Amino acid sequence: MSTLAHTMMTAARAADSGLAGPGELDRYPYAEAPVADRVAVPSWEGADQELGRVGRRAAGSRGRGLHGQLVQQLGQMIVSGDLGADRPLVPEEIGQRFEVSRTVVRESLRVLEAKGLVSARPNVGTRVRPVSDWNLLDPDIIEWRAFGPQRDDQRRELSELRWTIEPLAARLAAGHGREDVQQRLADMVEIMGHAMGQGDALTFSRADAEFHGLLIQVAGNRMLEHLSGIVSAALQVSGGPVTGCDRPNESSLAHHARIVDALAAGDGAGAEAAMRQLLTVHPEVERVVPAPREH
């Protein structure tokens, strides 16, 4: 096993234990409701009963801070429909329920507002916004939808979006023959092979996510590059046989290797075709996207 593969596997296992891995960031960088609005109390029955004691638990939640964990909890509740626009979100009540400070609550609500989930207005308070206002391309909202009542729609939409983005990115990337990128992509395929042999699905998925993210970044299209986070989120939350990346298997590994070979040869059409085949490894996908076209 190469040193890179060993290092990545070790890092993946450390992250799985609850420790923040290299490059993991605390992603979570209001107006308070008027007194007259505080008669409507949100229902917290579905909330995590232990969240109020997060300060006494070991660092987890993917390296997020205290307000990041509150963002996670409130975001999940909003996306699942447990918190709706029919009642205000009162900072004091949230703070009491989750045993966090007013500052933590305000920071959390600001993050949710930036994601389009809530809005704060004078004399109205902080309320949940309609789905049409949500930033549905935000990786957190993708995750919350993927594990909530909208899971089937979210996974289908992600699969359709990937089908649009990634074959194009593969074709464009073939025109950028950077040896360092080619080597890094080949390294990721090697890591996936080692991980699959050891039954290490976590390392496989991390190498897979880096492979696809790097491919989009090297395509030379900055607008596409901004969508790399969507692909990464899709790979993390797929949760079912939607694409060839969902499970470590020989077919998936072979298609990744074909993409690398096509890029090295400057074969844009071949890279695009290999990516389409990768995204349709499972027969179930054909209900969502068309079969690969011959070039």
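Here the structure is a predicted model, which is why all the values come from computation and not from measurement.
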After noting the C-alpha distance and the side-chain angles of R276 and E166, does the key distance pass the salt bridge (Lys or Arg N to Asp or Glu O under 4.0 Å) rule? CA-CA 8 Å; R276 290 188 185 280; E166 295 196 72; over 6 Å; no
Criterion side chain to side chain donor-acceptor pair (under 3.5 Å) on E143 and Q72, from CA distance to verdict: CA-CA 10 Å; E143 176 184 315; Q72 176 84 353; 3.1 Å; yes
Show, in sequence, the C-alpha distance, side-chain angles and deciding distance for R156 and E160, and conclude whether the salt bridge (Lys or Arg N to Asp or Glu O under 4.0 Å) test is met. CA-CA 6 Å; R156 173 183 55 78; E160 292 170 348; 3.4 Å; yes
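Between atom CE of residue M196 and atom CD1 of residue I191 there is a gap of 13.5 Å, rounded to the nearest 0.5 Å. To the nearest 0.5 Å, the span separating CE on M192 from CD on E210 amounts to 10.0 Å. One finds the CZ atom of R145 at 4.5 Å from the CD atom of Q150 (value rounded to the nearest 0.5 Å). We find the CG-CZ distance between L263 and R171 to be 12.0 Å, quoted to the nearest 0.5 Å. Here CZ of R222 is found 12.0 Å from CD of Q217. Values are rounded to the nearest 0.5 Å.
At least one donor-acceptor pair under 3.5 Å links the side chain of S108 to the backbone N or O of V104. Between the side chain of T203 and the backbone N or O of D200 there is no donor-acceptor pair closer than 3.5 Å.
Side-chain N/O atoms of H256 and D208 include a donor and acceptor closer than 3.5 Å.
Cation-pi geometry between R129 and W134 is not satisfied (NZ or CZ under 6.0 Å from the ring centre, within 45° of the ring normal).
Listed by chain and residue number, V189 satisfy the side-chain contact (heavy atoms from CB on, under 4.5 Å) test with A257 (two or more places apart in sequence, or in another chain). For L172, the side-chain contact (heavy atoms from CB on, under 4.5 Å) partners at least two apart in sequence or on another chain are L168, A219, N221, L224.
Across D133, D140, N135, a single residue satisfies side-chain hydrogen bond (donor to acceptor under 3.5 Å, both in side chains) together with K115, and that is D140.
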